[in-house]
Engineer: 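Handing you a structure now.
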Amino acid sequence: MKKLLMGNEAIGLAAIRAGVNLVCGYPGTPSTEVLETVAKNNKDHAIHVQWSVNEKVAMEVGAGAAYAGARVMVTMKQVGLNVASDPLMSLAYIGVKGGMIVLVADDPGPISSQTEQDTRRFAQFAKIPVFDPSSPQEAYDMVEAAFRLSEEKGVPVFLRPTTRICHACATVEIAEQWETHPVEGFQKDSKWVIFPRLSYQNHLKLDGIERDLSWSVSPFNRISGTGRKGIVTSGICCSYVKEALDSIGEAAHEIKLFQVGMPYPFPKNMAKDFLNGLDEVLVVEELDPVLEDAFYPLCGERRIKIHGKRDCFTHVAGEFSAELAEQWIRKMLQLEKAEEKAEEIPALPVRPPVLCAGCPHRASFYSVKQAMKGKKAVFSGDIGCYTLGNAKPLDMVDTCLCMGACITIAQGIHNVEPDTKNFAFVGDSTFFHTGIPGIINAVYNETDITVIVLDNSTTAMTGHQPHPGTGRTMMGEITEKVDIEAVLRGCGVKHVVSANPLHLEEAVKAVQQAADFKGVSAVIFKSPCIALFKPERQFQVESEKCIRCKKCIREIGCPAIAVREGEVKIDSSLCYGCGLCAQICPVGAIGGTRHETV
């Protein structure tokens, strides 16, 4: 049966058809839709699906299920793998009974991430096999193969799509039959308890698996064509290379192509076969030179030239494209550059990322800014929509490192610069993800910081997934809400206050009181994300009252407010009725009206 699917949908459906018993993870672009697809197609709730509070927790939940013989998929993006790395490294040694796929979506560019890290490197580090799909169809096909390999070797296996695979749409041939995988249950055995002696023995076992797989033949590693020049590629770059070869035409017949669908363990036997008869090799791969480094010893033995990132023949960072691939192939073949197209595509208009009109985070940042006006303060930010608080005119994010780090970064700055007031801005989902240990550390070490929890009742940046504070699970079940204020007080925070950031005077006062408190203090700004409700009112500028001071524009930078034909106007199609602009207008020229509903 053929179906038009996004790459992430193909992976989710493949997991269902392979009989997956449990899927867990933490939302992170570009991986999020994999788990959501499983949840959406989870008939009779036969599969346990959950958003875990973070990737480490998801990995450990998945490990427990795999110990019992279940087929498990754990989903995350590449930076989430950093959070999950502690249990994963040990899990590679301990092993699993049921098949376990660790779905890690890499993000060349990066398009929506802090790093361009390459999970293939992590696979080498952890000694875990990795599958690298070049299309949604191949991603679908690799899922069953990955489960089988995991069960055969007793180790977790990586599936590593990248952004353009995750979010590309293509016609995918999918199986009509759904497999049912029986769970044998957990059997007590000393092998599940990690001790140094067992770790030593299992390290030897992992090295044995690496040797076996490096000499075996995977159907996802393919050699095609003949010629004196070769191209090595993997993942989405394989699609770019094939498109480029089609564009080059007749000269492409001189190319021998090696598509590496399983880059670790590196297929040494096939690599040696591929190199036979070649005098020059081009490696086209995004992110790190993983394949290139693997080929260097083999090419050196045969005195074959190798081109790629190491000699700057290809780009060393960022996304690739079919156009770039063609440029590099023509260079290797010493062909003329491709003819420029006569019709140039006009450049897209520049649209810098901004907080949405009506976003409560804008009001939260503005409240803190007003409360701290004229005082020495540092504002540590975190990962989420609210990272955009760094943009002018707010200019309220001085640091941003990784999930939950705002709370601990603030402590580090305070410890060496105690005369500076330190604020940490953390979202509600991030608070549960990795914020709580930092709170405990601050209380334990009696650090004078103020934590601002931006509670908008959702995980907004990745698509509005539920979290422990929403009272809903991934499968839509109603559950106990975890109260952020109760958690803060339970951690020992003595001064905790909740406020609505859209009530400016109340919000500013709450921040001032928290800032004056000596020790760990917290303000919870509660106001839902605008995507969760329909606006009840809109605001308009009364032109006869407006003095054209533009304070409403200069102070908050709301995209709904702009100057048109010399007049300050509010775009009714963007206004969500938050009312912040009306509260800062010095002459009361902005008024609200009930939103007309159709």
Side-chain angles (χ1 to χ4, degrees), residues 78 106 108 115-132 134 158 160 162 206-218 220-238 240-242 244-245 254-320 324-334:
Q78 87 282 11
D106 282 1
T115 71
E116 268 198 301
Q117 66 196 64
D118 194 322
T119 297
R120 295 176 300 167
R121 288 288 196 211
F122 201 102
Q124 294 173 324
F125 178 48
K127 299 182 184 296
I128 292 175
V130 58
F131 289 81
D132 195 6
S134 64
F158 281 125
R160 179 228 179 219
T162 55
L206 279 174
D207 281 352
I209 292 172
E210 179 185 14
R211 283 193 298 274
D212 289 345
L213 291 176
S214 66
W215 293 107
S216 66
V217 178
S218 167
F220 299 108
N221 297 328
R222 306 183 185 98
I223 298 174
S224 59
T226 58
R228 302 293 299 174
K229 299 183 187 297
I231 297 176
V232 179
T233 187
S234 70
I236 188 62
C237 288
C238 183
Y240 297 154
V241 166
K242 288 178 179 178
L245 291 174
E254 301 176 23
I255 297 290
K256 191 176 182 181
L257 180 65
F258 185 14
Q259 177 184 348
V260 184
M262 195 173 173
Y264 181 83
F266 180 67
K268 293 179 184 176
N269 224 21
M270 289 190 72
K272 289 181 176 180
D273 290 343
F274 167 73
L275 291 174
N276 288 335
L278 297 182
D279 53 31
E280 197 169 8
V281 170
L282 169 64
V283 183
V284 182
E285 58 183 328
E286 290 177 324
L287 302 180
D288 290 354
V290 174
L291 297 176
E292 184 179 350
D293 287 349
F295 266 94
Y296 262 110
L298 302 179
C299 289
E301 292 170 6
R302 303 170 184 229
R303 297 184 180 179
I304 299 171
K305 289 181 183 178
I306 184 166
H307 301 297
K309 293 174 181 286
R310 293 297 183 193
D311 65 350
C312 296
F313 199 94
T314 66
H315 293 175
V316 297
E319 272 197 297
F320 289 178
L324 285 173
E326 181 178 348
Q327 175 185 319
W328 298 325
I329 295 169
R330 284 182 176 276
K331 184 178 177 182
M332 181 179 69
L333 296 176
Q334 296 182 340

Engineer: Lys229 and side-chain contact (heavy atoms from CB on, under 4.5 Å): which single residue from Leu278, Val281, Asp279 fits?
Structural biologist: Asp279

Engineer: So does Arg310 pair up with Asp293, basic N to acidic O under 4.0 Å?
Structural biologist: yes

Engineer: Kindly compute the distance separating CZ (Phe266) from CG (Leu298), expressed to the nearest 0.5 Å.
Structural biologist: 5.5 Å

Engineer: So, using side-chain contact (heavy atoms from CB on, under 4.5 Å) as the criterion, who are the partners of Lys305 when residues are at least two apart?
Structural biologist: Glu280, His307

Engineer: Any pair with a residue in residues 262-274 that passes side chain to side chain donor-acceptor pair (under 3.5 Å), sequence neighbours left out, goes on the list, sorted by first then second residue, please.
Structural biologist: Glu210-Tyr264

Engineer: To the nearest 0.5 angstrom, please state how far the CD1 atom of Ile255 sits from the CG atom of Leu282.
Structural biologist: 8.0 Å

Engineer: If only atom types and distance count, is the side chain of Thr233 paired as donor or acceptor with the main-chain N or O of Val284 below 3.5 Å?
Structural biologist: yes

Engineer: Which atom pair, heavy atoms only, marks the closest approach of Ala126 to Leu206?
Structural biologist: O-CD1, 4.5 Å

Engineer: Identify which one of Ser234, Ser224, Ser134 satisfies the side chain to side chain donor-acceptor pair (under 3.5 Å) criterion when paired with Gln259.
Structural biologist: Ser134

Engineer: Taking the six-membered ring for Trp, are Trp328 and Tyr240 closer than 6.0 Å centroid to centroid?
Structural biologist: no

Engineer: Once rounded to the nearest 0.5 Å, what's the spacing between atom NE2 of His315 and atom CD of Glu286?
Structural biologist: 11.5 Å

Engineer: With a 3.5 Å distance limit and no angle check, can you tell me whether Lys127 reaches the backbone of Asp207 through a side-chain donor-acceptor pair?
Structural biologist: no

Engineer: Taking Lys309 for the side chain and Leu287 for the main chain, is one N or O donor matched with an acceptor at less than 3.5 Å?
Structural biologist: yes

Engineer: Do any N or O atoms from the side chain of Asp311 and from the backbone of Phe313 form a donor-acceptor pair under 3.5 angstrom?
Structural biologist: yes

Engineer: Supply the atom-to-atom distance Arg120 CZ to Asp288 CG, rounded to the nearest 0.5 angstrom.
Structural biologist: 7.0 Å

Engineer: Any chance you could measure Thr226, atom OG1, to Leu257, atom CG, to the nearest 0.5 Å?
Structural biologist: 12.0 Å

Engineer: Do the side chains of Asp106 and Arg160 get close enough for a salt bridge, i.e. N-O under 4.0 angstrom?
Structural biologist: yes

Engineer: I need the Cys237 SG to Glu285 CD distance, nearest 0.5 Å.
Structural biologist: 8.0 Å

Engineer: Is there side-chain contact between Phe258 and Leu275, with heavy atoms separated by less than 4.5 Å?
Structural biologist: no

